[in-house]
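Everything below concerns the one structure shown next.
This one's a predicted model, so the numbers in the text were calculated from it and none came from an experiment. Proteins get letters first, then strands, A, B, ... in listed order; numbering begins at 1 in each.
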There are 2 protein chains.
Amino acid sequence: MSKAEAREGKKEGNASAEKILQAAKELFAERGFAAVSVRDISERAGVNKALLFYYFDTKAGLLHRILEQYYQAHAAALAPPASEGSTRVRMHALVTSYLDFMEDHHPYLQIVQHELQSNTEGLSMLRSGMRLLFTRVEELLGPITSDGHLHVRQFYISFAGLVITYFNYAPVLDVIWEGDPLSASNRRERRQHLHWMVDRILDGLQTCNPDQDIG
Amino acid sequence: MSKAEAREGKKEGNASAEKILQAAKELFAERGFAAVSVRDISERAGVNKALLFYYFDTKAGLLHRILEQYYQAHAAALAPPASEGSTRVRMHALVTSYLDFMEDHHPYLQIVQHELQSNTEGLSMLRSGMRLLFTRVEELLGPITSDGHLHVRQFYISFAGLVITYFNYAPVLDVIWEGDPLSASNRRERRQHLHWMVDRILDGLQTCNPDQDIG
DNA sequence: GTCTATAGCGAGATAGAC
DNA sequence: GTCTATCTCGCTATAGAC
């Protein structure tokens with residue numbers, strides 16, 4: 001256990017540390033880890049530059065702490081197993097909770113995307129987060145999918161892509177969309193489209209499994 | 001017109017310049033623009049560091065040149081309008097050519113993803129590339145889509161997401177997939193899945209438009 | 001806990017010989 | 001065109017006063 005971790009354990013919730021975390025989340029999401037300097041973070045947080053090293057040891061340690069928080073939040077958001085209702089109802093609920101999380105934790109996706117390109121150790125945490133979400137999808141769709149191109153892993157990455165890409169490309173979608181793609185009405189429209197997509201995919205799986213009642 | 005651009009016009013295809021471009025493409029894709037130094041690039045290219053500035057003026061100019069090349073290649077790959085065959089046949093052809101391009105230009109997606117997070121001027125080029133692809137989808141699906149959550153722009157970003165996400169998340173998919181997600185057999189399986197998805201979505205649109213024959 | 005001051009290094013970029 | 005040498009700057013990180 002490093003000195004900084006020990007301090008965090010005792011001083012969790014310290015005002016300055018929280019301000020640093022918040023500023024770093026924003027900046028890492030805006031520009032990516034490597035393009036942000038410690039000076040940038042401390043200035044936005046309104047604290048002294050040296051405090052960052054006092055609380056987090058290194059700049060990389062700060063990123064590590066942020067990712068840890070997000071992964072925990074993501075795991076918690078996926079916790080409810082949604083064990084009642086038809087496969088169709090539960091699948092819609094899963095997509096809804098995934099969308100909710102993305103809307104509530106906007107910097108998360110951007111930081112993850114950045115990590116995906118830089119082959120750092122942060123990827124191992126991302127892997128375990130992925131396994132958790134995959135397990136949820138597997139519980140739901142495992143019984144009605146088969147092998148090969150209709151394997152449940154294919155549906156998993158497809159659903160994830162459908163949800164994620166809209167937020168990921170939001171900065172350049174204003175050319176095609178009217179107004180801000182992240183406005184309330186546009187986000188609602190996107191949600192409706194995704195639920196329509198879920199229904200069409202489940203319709204296709206129902207045809208493949210006439211004996212099972214998907215809902 | 002800068003001095004470096006004038007030189008490129010005259011010396012297009014120069015061996016050292018090409019080696020620099022190739023090395024930079026790889027490194028930007030691996031680590032992102034900000035995390036790569038000019039020294040890294042020159043060392044991988046096997047040329048002197050100062051040559052990079054001789055050919056491209058600045059490090060940012062080098063990125064600009066790489067993006068320009070990729071966007072041109074992307075536009076060229078999407079050029080064939082695919083004017084014959086049913087809507088269904090043409091939609092499958094479009095997805096196939098999109099997949100072909102992604103497989104042949106692997107660093108492209110990674111660099112674009114990085115640009116998406118750093119709000120640089122490179123986004124304007126990405127926007128025009130998007131408009132081009134959107135126009136293709138609009139030609140095909142415009143007549144059979146409606147307003148709101150079944151607007152053609154929703155299908156555009158959904159199809160893009162289905163194609164892109166698999167490559168984007170490839171570095172961490174090895175936990176769920178057996179072996180390398182980018183192996184020939186796994187890429188083929190993904191392709192089959194995507195074409196199945198296209199068919200299910202078109203089936204859904206056919207139901208919405210019983211008067212039109214989608215194919 | 002928070003600050004000032006600064007060490008030490010590697011970055012991007014330039015000058016000029018060849 | 002390609003090289004060596006070098007400039008300047010901003011970066012991460014530390015030392016130590018308060």
- Item | Closest to side chain of B:Tyr54, choosing from C:dG1, D:dG1, D:dC3 |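 Of all the options, the side chain of B:Tyr54 is nearest to D:dG1.
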- Tell me, please, which residues at least two apart from A:His193 pass side chain to side chain donor-acceptor pair (under 3.5 Å).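 If we apply the side chain to side chain donor-acceptor pair (under 3.5 Å) test to A:His193, skipping adjacent residues, the hits are B:Ser158.
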Once you round it to whole Å, what is the distance between [atom2] of [N] and [atom1] of [X]?
{"X": "B:Leu27", "N": "C:dG12", "atom1": "CG", "atom2": "P", "result": "12 Å"}
{"X": "A:Glu43", "N": "D:dG10", "atom1": "CD", "atom2": "P", "result": "12 Å"}
{"X": "B:Leu51", "N": "D:dA5", "atom1": "CG", "atom2": "P", "result": "16 Å"}
{"X": "B:Phe56", "N": "D:dG1", "atom1": "CZ", "atom2": "C1'", "result": "14 Å"}
{"X": "A:Ile20", "N": "C:dC3", "atom1": "CD1", "atom2": "C1'", "result": "13 Å"}

- Item | Terminal axes of the helix from C:dG1-D:dC18 to C:dC18-D:dG1 (five pairs each): angle between them, nearest 10 degrees |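 For the helix from C:dG1-D:dC18 to C:dC18-D:dG1, the axes at either end differ by 0°.
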- Message: Return the OG1 to CZ distance between B:Thr145 and B:Arg153, rounded to the nearest 0.5 Å.
- Response: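 That separation rounds to 10.0 Å.
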- Item | Value rounded to 0.5 Å, distance of CD in B:Glu103 from CZ in B:Arg190 |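 Rounded to the nearest 0.5 Å, the CD-CZ separation comes to 11.5 Å.
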- Would you call the rings of A:Tyr108 and A:His74 parallel, tilted or perpendicular, where under 30° means parallel and over 60° means perpendicular?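 Taking A:His74 first and then A:Tyr108, their aromatic rings stand perpendicular (interplane angle over 60°).
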- Which word best sums up how the rings of B:Phe155 and A:Trp196 line up, parallel for under 30°, tilted for 30 to 60°, or perpendicular for over 60°?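 Plane angle over 60°, so perpendicular.
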- Nucleic acid footprint by protein, nucleotides 11-18 of chain D - heavy-atom cut-off 4.0 Å, B for base, S for sugar-phosphate alone: SBBB----
- Task: State which residues pass ring pair (Phe, Tyr, Trp, His ring centres under 6.0 Å) with A:His64; sequence neighbours excluded, sorted by chain then number.
- Result: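 Result, ring pair (Phe, Tyr, Trp, His ring centres under 6.0 Å) vs A:His64: none returned.
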- Hey, does the side chain of B:Asn48 come within less than 4.0 Å of D:dT4's phosphate (OP1/OP2), counting only N and O?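 B:Asn48 to D:dT4 OP1/OP2: side-chain N or O found under 4.0 Å.
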- Pairs in or reaching into residues 111-142 of chain A: which pass ring pair (Phe, Tyr, Trp, His ring centres under 6.0 Å), with residues at least two apart or in two chains?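 Those involving residues 111-142 of chain A are A:Phe134-A:Tyr156.
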- Message: According to salt bridge (Lys or Arg N to Asp or Glu O under 4.0 Å), does anything in residues 159-171 of chain A pair up with another residue at least two apart or in another chain? List the pairs.
- Response: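 Residue pairs passing salt bridge (Lys or Arg N to Asp or Glu O under 4.0 Å), neighbours aside: none found.
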